[in-house]
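Computation of the quantities below employed the complete heavy-atom set of this structure, encompassing side-chain atoms and omitting hydrogens, waters and symmetry-equivalent molecules. Residue numbers run from 1 in the order of the sequence given.
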Amino acid sequence: MGAAVLPLLLPLLLPRAAGGAAVCGSCPGPLRNDSVVGRYCASRAGTESHGRCCRDRGARPERLLGLDLSNCSLRTPPPGLAQAAAVAILDLTENPLTTFPDSSLLGFTNLQLLVVPLALECPGGSSAWETVTLSGNSRLCQGQRNPCNGSTELAWPCPENSACAPDGPGLVQCLCEGPFHGYKCLREGTFPVLLFCGILGAVTLSLSFLLWGTQRRKAKTP
C-alpha cells in the first residue's frame with residue numbers, strides 16, 4: 001500500500017521550486033548587461049542576476065524584478081512565462097515574434113516596462129499604458145494603467161457582490177467581496193474549508209486503496 005500511496009503524496013511533501021527559477025534559464029547565456037533589465041539590475045542596490053533574471057539578493061522565496069528574453073530566437077511566448085508574473089521589467093526585443101497574445105501577460109500586475117520588437121503592438125493596446133514610445137527597432141510600453149479606473153468601458157461588467165481588479169495589461173478580474181464566494185459570487189458566508197479538505201482527503205484515500213487493490217490482484221495473477 002505504501003508504494004501506491006507515495007506517488008500521490010509526493011507533490012504535497014516535496015517543496016515547490018522557487019518561483020521563476022525555470023524561466024530564468026529558458027534562454028541560454030547570462031543576463032545581458034546592455035539590456036534594459038541588465039541596466040536596471042546594475043543600478044539597483046541589493047539585486048543579483050540569476051540566468052536571465054534580475055532578483056532581490058537573498059530573498060526567500062526568490063523575488064524576481066526583471067526578465068531579459070532578448071535575442072532568444074523566440075517566435076511565440078516561451079513556456080513558463082507565467083512564472084515571471086512578479087517582474088517589473090520584461091525585455092522581448094531582438095526576437096522574431098510574430099504574435100504576442102494579451103493573455104500571455106495574465107497576472108503581470110507589477111509590470112511597468114515592457115520592451116517588444118517594433119513589429120508588435122503593446123499588449124492590451126496603447127490605452128493599457130501610460131506612454132508608448134519607439135526606440136530604434138523596439139517599442140517601449142511604460143506605466144501599466146489600471147483598467148478598472150479608466151474611462152474605457154470594460155469588455156464585461158463584474159457581477160453583483162464583486163469588484164474589478166487589474167490582472168495584467170488591459171486585463172481585469174472580478175474578485176468576490178466578503179462574505180460572498182463561489183460562481184458569480186452568489187454564495188454568501190465563509191468558504192467551507194473543513195468540508196472541502198475532508199472530501200479531498202476521502203477521495204485521495206479511496207483512490208489509494210483502489211490502486212493498491214489493483215496492484216495486489218496483478219501481483220497474485222500467475
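A chain of hydrophobic side-chain contacts below 4.5 Å, direct or via other Ile, Leu, Val, Met, Phe, Trp or Tyr residues, connects Val87 to Leu81. Both Ile199 and Leu207 belong to a single network of hydrophobic side chains, linked directly or stepwise wherever heavy atoms of I, L, V, M, F, W or Y lie under 4.5 Å apart. A continuous path of Ile, Leu, Val, Met, Phe, Trp and Tyr side chains, each step under 4.5 Å between heavy atoms, connects Phe100 with Val132, placing both in one hydrophobic cluster.
No side-chain heavy atom of Phe180 sits less than 4.5 Å from a side-chain heavy atom of Arg187. Side-chain contact check for Thr47 versus Arg57: every heavy-atom pair is 4.5 Å or farther apart. Looking at heavy atoms from C-beta onward, Leu90 lies in side-chain contact with Leu105 at the 4.5 angstrom threshold. Counting heavy atoms from C-beta outward, Leu111 and Cys141 have side chains that stay 4.5 Å or more apart. Side-chain contact between Ile89 and Leu65 is absent, with no heavy atoms from C-beta onward closer than 4.5 Å. In this structure, Arg52 and Ser26 have side chains that are not in contact, with every pair of non-hydrogen atoms separated by 4.5 Å or more. Counting heavy atoms from C-beta outward, Leu114 and Pro169 have side chains that stay 4.5 Å or more apart.
Panel note: side chain Gln173, backbone Asp167; no donor-acceptor pair is recorded below 3.5 Å. When atom types are taken as modelled, the side chain of Trp129 and the backbone of Pro123 share a donor-acceptor pair closer than 3.5 angstrom. The closest donor-acceptor contact from the side chain of Ser135 to the backbone of Ser138 lies at 3.5 Å or more, if one exists at all. For the pair Asp102 (side chain) and Leu171 (backbone), a donor-acceptor distance under 3.5 Å is absent. At least one donor-acceptor pair closer than 3.5 Å links the side chain of Arg39 to the backbone N or O of Asp34. Not one N or O on the side chain of Arg139 forms a donor-acceptor pair closer than 3.5 Å with the backbone of Leu134.
For the pair Ala165 and Leu175, the tightest heavy-atom approach, listed with the atom from each and the gap, is CB-CD1, 3.8 Å. Annotation for Pro147 and Gly170: closest pair CG-C, 4.5 Å, computed over non-hydrogen atoms. In terms of heavy atoms, Ala82 sits closest to Phe108 at CA-CE1, 4.3 Å. Minimum heavy-atom separation, Asp56 to Glu48: O-OE2, 4.2 Å.
The environment of CG in Asn33 is sparse: at most 12 heavy-atom neighbours from other residues, nucleotides or ligands sit within 6.0 Å.
Between Cys27 and Cys72, a gap of under 2.5 Å is found separating the two SG atoms. If you check the gamma sulfurs of Cys158 and Cys174, they are less than 2.5 Å from each other.
Qualifying side-chain hydrogen bond (donor to acceptor under 3.5 Å, both in side chains) partners for Thr93, counting only residues two or more places apart in sequence or in other chains: Asp91.
No option in Thr99, Leu92, Leu97 other than Leu97 meets the side chain to side chain contact (heavy atoms under 4.5 Å, CB included) test with Leu120.
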